[in-house]
Amino acid sequence: MANTTDPIVIIGASLAGGAAAVALREGGYQGEITLLGTETHRPYERPPLSKALLLGDADEPDWVGEDGFFDNSVTWLPGTTATAIDTDRHVVVAGEAEYRYQKLIIATGSTPRRLDLPGGDLDGVLTLRTVEDALALRERFAAGGPVAVIGAGWIGCEVAAAARKHGAAVTMIAPEHQPLVRVLGEEIGAVFGGLHRDHGVDLRLGASVQGFEGEGKVSGVRLGDGSVVPAQTVVLGVGAVPNLSLAEAAGLDLADGGVAVDPTLRTSEFDVYAIGDIAAHDHPRYPGRVRVEHWANAKDQGAHVAANVLGAETPYQASPYFFTDQYDLGCEYRGLADPDHDRLVVRGDLNRREFIAFWVRDGVVTAAMNVNDWDHGDALGALVDSGRQVTDEELINGDLG
């Protein structure tokens, strides 16, 4: 068991870092916790940014911890960016200040990817990552004017749905031939394509973006075929880049686009852990490393790493999980599928958008997604976690629990 008064430093005050701080206190740690965060808000969960906040159903995100926790239970330093880690001296540097640690947790998250194209710096070419981003986009959607969404992944789809709720004309532009095809494959991706078309989105799929038009402010998106899509607001949903520079400069091992961590979330430095978007995890249940940029992973790894910092040394084994709400469609996804190689089995009705999709490899369910079906979530999670052999008949007609 680690000394319960040795100082702990957490770099990154979003969901993963905030969850770790809360769990450390709940786990009985009584020493100093220093939490450094570049944002000025206390830690919060990001899913509402592209859902409730953007739709106008809420004005604040879901905050981490009880009111007053980060003001009273930790040394929380908002608006503070760590600039270096000295693993020999066990010190984190932030500007002129130094913070000593016995154990260090790095949760620096990721940054939305921008496009290095002509006009990419025009006013109105935006990304979505923070509370401020969400509120600014909501205001623009409500003010009117055409919206172009670049990218047809989860963020792109949710942004398009929110913009349509506000009455904006929306064009979704992506090189793939269906939304979400990289995660869900062609057949399930087509369900989401039909969903957005039915709600008035102009899908320009199989299209490339060559640049952005406008004088000071964006007025359109120029496509590879030479056409221009009118847009007063452009939202880039083209992925995110994990913030690795601090870890790399500190000499931590990197792998598979992230910071290499063992099953317990420890890095190549014994007293340093990495969690959330940046963690390339040697997951006990999957081959190779797993790096997941979703809410549940950040939250659960934050809670899990706290126990390991205090001496538990237990592997993190949770299956990836995420959820989405778009128009009248809600769904949950559990597991980790490869839609290019796993076989798809569907229970229910794709046309009515009420179904469960299973991805199966060698008779084992690698992932399951319930769409507008709220009776089987726990059973699907247990099925994915079990790794047991199943038949198509059982998946389509059997009792899932």
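No side-chain heavy atom of I275 sits less than 4.5 Å from a side-chain heavy atom of H304. A 4.5 Å side-chain heavy-atom check between E158 and L54 finds every atom pair outside the cut-off. Under the 4.5 Å side-chain criterion, counting only non-hydrogen atoms from C-beta, R46 is in contact with R129. With a 4.5 Å cut-off on side-chain heavy atoms, Y327 and R353 do not count as touching. Side-chain contact between I85 and I11 is present, with heavy atoms from C-beta onward closer than 4.5 Å. Contact check for T75 versus E32: side-chain heavy atoms found under the 4.5 Å cut-off. Counting heavy atoms from C-beta outward, D62 and W295 have side chains that stay 4.5 Å or more apart. Between R42 and D67, some side-chain heavy-atom pair lies under the 4.5 Å cut-off.
Within a 6.0 Å radius of CG in D378, other residues, nucleotides and ligands contribute 12 heavy atoms or fewer. Around atom CZ of R361, more than 12 heavy atoms belonging to other residues, nucleotides or ligands sit under 6.0 Å away. For NZ of K299, the number of neighbouring non-hydrogen atoms (other residues, nucleotides, ligands) closer than 6.0 Å is 12 at most. No more than 12 heavy atoms of other residues, nucleotides or ligands sit less than 6.0 Å from atom CG of D116. Taking a 6.0 Å sphere around CG of D362, one finds it holds 12 or fewer heavy atoms contributed by other residues, nucleotides or ligands. Summarising the local packing, CD of E248 is surrounded by 12 or fewer heavy atoms from other residues, nucleotides or ligands at distances under 6.0 Å.
Counting only N and O atoms by type, the side chains of T324 and Q326 include a donor and acceptor under 3.5 Å apart. Residues R285 and S319 bring a donor and an acceptor atom of their side chains to less than 3.5 Å of each other. With hydrogens and angles left out, the side-chain atoms of E132 and H41 include a donor and acceptor closer than 3.5 Å. Between the side chains of N308 and T314, a donor-acceptor pair is found at a separation under 3.5 Å.
The six-membered or imidazole ring of W63 lies away from that of F69, with a centre-to-centre distance of 6.0 Å or more.
At a threshold of 4.0 Å, the pair D373-R347 does not count as salt-bridged, since none of the basic side-chain nitrogens sits closer than that to a carboxylate oxygen. A salt bridge links R204 and D202; the closest N-O separation between the charged side-chain nitrogens and carboxylate oxygens is under 4.0 Å. Electrostatic pairing of D57 and K165 counts as a salt bridge here, judged by a charged N lying under 4.0 Å from a carboxylate O. With respect to the salt-bridge test (charged N to carboxylate O, under 4.0 angstrom), the residues E293 and R113 do not qualify.
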Step by step, would you call F322 with V292 a side-chain contact (heavy atoms from CB on, under 4.5 Å)?
-> CA-CA 10 Å; F322 61 85; V292 178; over 6 Å; no
Stepwise side-chain contact (heavy atoms from CB on, under 4.5 Å) test for Q178 and E187 | CA-CA 9 Å; Q178 296 292 352; E187 188 171 357; over 6 Å; no
Determine, step by step, whether L336 and H283 satisfy the side-chain contact (heavy atoms from CB on, under 4.5 Å) criterion, reporting the C-alpha distance in whole Å, the side-chain angles of both residues, the deciding distance to 0.1 Å, and the verdict.
-> CA-CA 12 Å; L336 188 64; H283 199 296; over 6 Å; no
Would S73 and R25 count as a side-chain hydrogen bond (donor to acceptor under 3.5 Å, both in side chains) if you check the C-alpha gap in whole Å, the side-chain angles of each, and the deciding distance to 0.1 Å?
-> CA-CA 8 Å; S73 297; R25 289 291 185 232; 5.2 Å; no
Would you please test N370 and R334 for side-chain hydrogen bond (donor to acceptor under 3.5 Å, both in side chains) and show each step?
-> CA-CA 9 Å; N370 49 302; R334 296 167 173 85; 3.2 Å; yes
Go through T34 and I10 one step at a time and tell me if the side-chain contact (heavy atoms from CB on, under 4.5 Å) criterion holds.
-> CA-CA 6 Å; T34 302; I10 304 171; over 6 Å; no
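Without hydrogens or angle criteria, S268 side chain to D253 main chain gives a donor-acceptor distance under 3.5 Å. For R164 (side chain) and V170 (main-chain N/O), no donor-acceptor pair under 3.5 Å exists by modelled atom type. Listed for the R289 side chain is a donor-acceptor partner under 3.5 Å among the backbone atoms of A280. Remark: the backbone N or O of T87 is paired with a side-chain donor or acceptor of H90 at under 3.5 angstrom. Side-chain atoms of R114 come within 3.5 Å of backbone atoms of V125 as a donor-acceptor pair (strictly under, hydrogens ignored).
The NE2 atom of H281 sits 9.0 Å away from the CG atom of N297 when rounded to the nearest 0.5 Å. Atom CG of D282 sits about 10.5 Å away from atom CG of L265, to the nearest 0.5 Å. Taken from CG in L104 to CD in E269, the straight-line distance is 10.0 Å, to the nearest 0.5 Å. Here the CD1 atom belonging to I8 is positioned 11.5 Å from the CZ atom belonging to R100, to the nearest 0.5 angstrom. Distance CG/D338 to OG1/T366: 8.0 Å, rounded to 0.5 Å. Once rounded to the nearest 0.5 Å, the distance linking CD of E354 with CG of L329 reads 9.5 Å.
Shortest non-hydrogen contact noted between D325 and G330 is OD1-CA, 3.6 Å. Taking both residues in full, the closest heavy atoms of M172 and A160 are given as CE-CB, 3.7 Å, listed atom of the first, atom of the second, then distance. Contact between L122 and F212 at its shortest, heavy atoms only, is CD1-O, 3.9 Å. Nearest approach of V390 to R388, heavy atoms of both residues: CG1-NH1, 3.4 Å. Listed here is the closest heavy atom pair of A367 and Y333: CB-OH, 3.4 Å. The minimum heavy-atom distance between G17 and A107, with the atom names listed, is N-CB, 3.8 Å.
Partner of N243 under the side-chain hydrogen bond (donor to acceptor under 3.5 Å, both in side chains) criterion, chosen from T111, T38, T108: T111.
Figure legend: K103 and Y29 shown without cation-pi pairing, the cationic atom not lying both under 6.0 angstrom from the six-membered ring centre and within 45 degrees of its axis.
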